[in-house]
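Working notes, structure below.
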There are 2 protein chains.
Amino acid sequence: MESPGRSRPRTQSRSKELPIDSILEGDCIAEMARLPDKSVDMIFADPPYNLQLGGDLFRPEGGKVDACDDDWDKFDSLATYDDFTREWLAEARRILKDDGTIWVIGSYHNIYRVGALLQDAEFWILNDIVWRKANPMPNFRGTRFTNAHETLLWCAKDEKARYTFNYRAMKALNDDLQMRSDWVLPICSGSERVKDDAGDKAHPTQKPESLLYRILLACTKPGDVVLDPFFGTGTTGAVARRLGRKWIGIERERSYVKVARQRIDATLPLDESAMTVMADKRSQPRVAFGLLVESGMVPAGSLLMDSKRRWSASVNADGSIACEGNSGSIHKVGATLQGAPSCNGWTFWHVELEDKLQPIDALRQKHLAGL
Amino acid sequence: MESPGRSRPRTQSRSKELPIDSILEGDCIAEMARLPDKSVDMIFADPPYNLQLGGDLFRPEGGKVDACDDDWDKFDSLATYDDFTREWLAEARRILKDDGTIWVIGSYHNIYRVGALLQDAEFWILNDIVWRKANPMPNFRGTRFTNAHETLLWCAKDEKARYTFNYRAMKALNDDLQMRSDWVLPICSGSERVKDDAGDKAHPTQKPESLLYRILLACTKPGDVVLDPFFGTGTTGAVARRLGRKWIGIERERSYVKVARQRIDATLPLDESAMTVMADKRSQPRVAFGLLVESGMVPAGSLLMDSKRRWSASVNADGSIACEGNSGSIHKVGATLQGAPSCNGWTFWHVELEDKLQPIDALRQKHLAGL
DNA sequence: GAATGTCCTGAATCCTCTA
DNA sequence: GTAGAGGATTCAGGACATT
C-alpha cells in the first residue's frame, strides 16, 4: 500500500504568489514544495497520529467503536513515520517566515516523535499545550486511565525569533488570569461535526473550532496567513475566515476537499469591531514623560508619589525627576529608591488628583486618546 | 565539567540479592548495572530536565526567581542528553520484570526526547499523564502561556505485557468516575517541602507525595518493589513505605541521600483505613466567559445588557466587552459603569433569548452541564 | 480564637528598541 | 554586533504577624 506523503516531491517550479484562501488538492509534501520560502505567518498541522490500533474494539454493550482505521493513518514502522515527519517538517520550516510559529497536534502515539524531530530540526518549543477534553471517550476495558487529552506543540523557528503572542487577548479570554498551558475544551460534536451526504461524520478526527479559535487569536494578527498541510474538513480555514485571517489548506482526499470548500464558503467573517481584542501595551506608541511636562499635563515643579506615599519626587522641566538626591528618568529613580533591578515609572509614580492618587499611566492614556 | 551519569558503568558483578528499602549512593547507571535482571516491579524516574535556562529572571515586584541551575541539570547538547537517556533506559529495561511498568516524568524541555527513546527501546506507552499544577509559577513577562503542567509517561515492556492497573482503586479515588489522564494536584510546598539545616529547600525540584501516591496506588501491589534511579529527597521511598511497598533509591548527591534517609525513617506506614485520607478533592471547573465566546454560545459581536437595559455592551473576540468607551472583563466593565468597587458580571449581564433577557450565568450553567 | 494582611516562593528555555 | 535605556510583567497557597 502506498502510504501518505511518502512520495518524493517532484522537482517543480515554486509559485511566487501565495494561493491565498484556497485548498491545494494533493500530497502535503509535494504541495508544500511548491510554496515560496518564508511566506506564511503560521502553520497549523494535524498530521496522522499513527495510532497502531490492533483488532476491533467493542463497547461493553456490544457496539463496535468506530475507530480511525483509515489508510492515511497507517505506517510500516516508527522509522517510516519519522521519515515522513522529517520531510514535512523540513518543508514547513522553509515556508514559515522567520518570526512565524508552528503548531502541531498529536496524541501519545506520535507526539513524542514529532516533538523530538521538531527539536532536531532546530525549532524552539515555546509551550506544550494540553487540550483537556471535556467529554472524552471512556476506556471501555478498564485497563488504563481514560485517555482524556491531546497535546499541542507551539514552536518558533529559533530561540531568538520574535513571534506573535497576544498576551492581553489571552488574559481577557481567561477572566483576567494568564492563560495556562492546559486548555479545557469540548470535543467536536453535534451540529459542528461535518457530515457527508449519507449523514455520517465526514472525517474521523475533526478538531473543534474552539481549539483553532484560541490558537489563531493568540498567535496571529488579522491578515496573517495560516497554512494547514493536513486540512481535512477545513476547520483551520473556517476559523481563519471567521477571524479575518488568510488561509491555505492542503488535502489529498477529494471527499474532504469538497466538504471543506462548502463549509468555509458558508462561514461568515466577524465584522471588524467584533474582532477587536484587548490591546497589548507593548504595541502602543511610546510617550515620553517629558511630553506630558511640555503639554502642561504634569507641570514642571509638581510632585509625584508612589502609591503608599513613601517617596515623593519633584518634576524637572526636562521630564527628569528628583528625589532624595537621586535624579533621572521616572523609571531609573523608581528603581534606585526601591533597590530594585528595574521599575516601570508609569505605574510606580502617581499624582494627586481630587484627593486621590492616580498613576501617571492614566495621564499617558489620556494623552494617547487625545484628551 | 563531568556531567551526571555519563561515565560508563564499570564491569562488576551483579548482586543476586536486591538491596530492598535502601539508598544506593552513586551514579544512577553504574548502580543500576549492579542490580539483577528482571527484579523490580516498577521504576519511577524523575531524570534531569535539561532546562537550558538563560540569564536571571526577575519578578514584577523585583524579586529574583530561584532557578534550577544545578550542574546535574546541565548537558552540552541534545545529543548528549539523548545518549544519557538511552543508557539509563537500557539498564531500566533490563532490571524491570516482564510485567513491570516504568514511569518517567518531565517537562517539554526533555519529555519528547524521553518519549521517543522509550519507544525506540521498545517500551509500550500505556498512557501519557498530565500533571496539571493547581498553583504553578506564573509567566512573569507575559511572553508565553503559563507553563502549568508536567508530563508523565507510563509504559509496559511490550504490547503484550500483563501489567498491574488497579482500576477500581482509581475509580474510587475519583468519585466513582474513571480516572482520567489529567491529574490536578498542587505542587510540593509548605511543610511537605524538605528543608536543609539552614532552612532552605533541600532540593530544587521535589515532587509532591500526592503524585507518587496515585502512581503507586494505581500500578503496584502491596509488597511490590519500586526502583527510583533519581531519588533526590526520597519522595518515592517515603510514599512506598507509607503504602506498604518496597523501594530502592539511587542518588549521587550525598546531601540528598542524607535528608532522604531521615525523611523516610520518619515516615510511618499507613494502616489501610488511613490510606484513603489522602484522596484529593476534585477541583470545581472554573468557566471563563471567553470559553462561551470561543464555543459560539455568545459569539463575538453579540450584545450584552443589564437587567434594566440601561447599558448595552458588545462582546469582543477575546471575551472582553466594550461599553461607553470602557473595555475589559464582564466584571470590570460592570463595576466601572455602576461606579461600584466590584461586580459579578455573570449575573449583571444578560443576553436576549426569545425576547427575554437571560443572565449569562444561565449559559454558563448550560456549558457546565455539557449542553 | 477568628479574621485579615503581609511576605515569600514554585523544574522558567520569560523584552525590545535605539544608538 | 553590543550597550544602554525604556518600561512591561504574577497566581495560588502557605507561613507568620497583626488586628
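Proteins get letters first, then strands, A, B, ... in listed order; numbering begins at 1 in each. Scope of the values below: all heavy atoms of this structure, side chains included, with no hydrogens, waters or symmetry mates.
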#### Entry: Side-chain donor-acceptor pair present, B:His149, A:Asp128, cut-off under 3.5 Å
yes
### Query
Going by atom types alone, do B:Thr85 and B:Arg113 pair a side-chain donor with an acceptor below 3.5 Å?
no
### Message
Just the rounded figure in Å: distance from C1' of C:dC8 to CZ of B:Phe58.
### Response
16 Å
### Task
Could you give the distance separating D:dG7 and C:dC14 at their P atoms, to the nearest angstrom?
23 Å
### Query
Is there a donor-acceptor contact under 3.5 Å linking the side chains of B:Ser329 and B:His331?
no
#### Entry: Atom pair distance, as rounded to whole Å: NZ in B:Lys64 and C1' in D:dT10
19 Å
### Message
Tell me the interatomic distance from A:Ile360, atom CD1, to D:dA8, atom P, rounded to whole angstroms.
### Response
11 Å
### Message
Counting only side-chain nitrogens and oxygens, does A:Lys332 get under 4.0 Å of the OP1 or OP2 atom of D:dA5?
### Response
yes
### Query
Looking across every strand, which nucleic acid part, if any, lies under 4.0 Å from B:Asp46 by heavy atom: base, sugar-phosphate, or nothing?
base
#### Entry: Distance, P atom - from C:dT18 to D:dA8, rounded to whole angstrom
15 Å
### Message
For a quick test of reading the model: is some side-chain N or O of B:Lys201 closer than 4.0 Å to OP1 or OP2 of C:dG10?
### Response
yes
### Message
Rounding to an integer number of angstrom, what distance separates D:dT10 and C:dC8 when you compare their C1' atoms?
### Response
13 Å
### Task
Select one nucleotide: of C:dA11, D:dA12, D:dT9, the one nearest the side-chain heavy atoms of A:Leu177.
D:dA12
### Task
Looking at every strand, decide which applies to A:Ala288 at a 4.0 Å heavy-atom threshold: base, sugar-phosphate, or nothing.
nothing
### Task
Ignoring backbone atoms, establish whether A:His331 has a side-chain N or O less than 4.0 Å from OP1 or OP2 of D:dG7.
yes
### Message
Heavy atoms only, 4.0 Å cut-off, all strands: where does B:Cys188 land among base, sugar-phosphate and nothing?
### Response
nothing
### Task
Searching all strands shown, indicate the nucleotide that pairs with D:dC16 (Watson-Crick or G-U wobble; both distances under 3.5 Å).
C:dG5
### Gap between atoms NZ and C1', on A:Lys171 and D:dT9 respectively (whole Å)
8 Å
### Query
When you check the phosphate oxygens OP1 and OP2 of D:dA8, does a side-chain N or O of A:Arg364 lie under 4.0 Å from one of them?
yes
### Query
How close or far is atom C1' of D:dA12 from atom CG of A:Asp182, stated in whole angstroms?
14 Å
### Message
Is the phosphate of D:dT9 approached by A:Arg168 (side-chain N or O, under 4.0 Å from OP1 or OP2)?
### Response
yes
### Query
Closest to the B:Lys207 side chain: D:dC11, C:dA11, D:dA12?
C:dA11
### Query
Within the side chain of A:Lys157, is there an N or O that forms a donor-acceptor pair under 3.5 Å with the backbone of A:Arg93?
yes
### Task
Measure distances between side-chain N and O atoms of A:Ser342 and base N and O atoms of D:dA8, and say whether any donor-acceptor pair falls under 3.5 Å.
yes
### Task
Give a yes or no on whether the backbone of B:Leu185 and the side-chain of B:Trp131 come within a donor-acceptor separation of less than 3.5 Å.
yes
### Query
With a 4.0 Å cut-off on heavy atoms, is B:Pro47 in touch with a base, just the backbone sugar-phosphate, or nothing at all?
base
### Message
Can you tell me the base-pairing partner of C:dC14? Count Watson-Crick or G-U wobble geometry only, both distances below 3.5 Å, and say none if there is no partner.
### Response
none
### Task
Report yes or no: does B:Asp70 contribute a side-chain atom to a donor-acceptor pair with the main-chain N or O of B:Trp72 at less than 3.5 Å?
no
### Query
Given that A:Ile330 and A:Gln178 both sit by DNA chain D, which one's nearest nucleotide is further toward the 5' end?
A:Ile330
### Query
Over how many whole Å does the gap from B:Leu185 atom CG to D:dG13 atom P extend?
13 Å
### Query
Which comes earlier along DNA chain C counting from the 5' end, the contact point of B:Pro204 or that of A:Lys308, where each point is its nearest nucleotide?
A:Lys308
### Task
Please measure how far the C1' atom in D:dC16 lies from the corresponding atom in C:dG1, and state the result in whole Å.
16 Å
## Note on the structure
Protein heavy-atom contacts under 4.0 Å, written 5' to 3' over nucleotides 13-19 of chain C as B (base), S (sugar-phosphate only) or - (none), form the string BBB-S--
### Test of ring centre spacing under 6.0 Å for B:Trp154 and B:Trp103
yes
### Query
Between B:Phe230 and B:Trp88, is the gap from one ring center to the other below 6.0 Å?
yes
### Rounded distance in Å - CG (B:Asp73) to C1' (C:dG10)
15 Å
### Query
Short question: side chain of A:His350, backbone of A:Phe348 - any donor-acceptor pair under 3.5 Å?
yes
### Task
For D:dG6, take OP1 and OP2 only and decide whether either is under 4.0 Å from a side-chain N or O of A:Ser329.
yes
### Message
Under 3.5 Å for both donor-acceptor distances, Watson-Crick or wobble: does D:dT10 have a partner, and if so which one?
### Response
none
### Message
For the backbone of A:Ile321 and the side chain of A:Ser327, can you confirm whether one donor and one acceptor N or O come within less than 3.5 Å of each other?
### Response
no
### Message
What's the gap between D:dT9 and C:dA12 when it is taken at their C1' atoms, as a whole Å value?
### Response
14 Å
## Note on the structure
With syn meaning chi within 90° of zero and anything else anti, the base of C:dT13 is syn
### Query
Taking atom C1' of D:dT10 as reference, at what distance in whole Å does atom CG of A:Asp176 sit?
13 Å
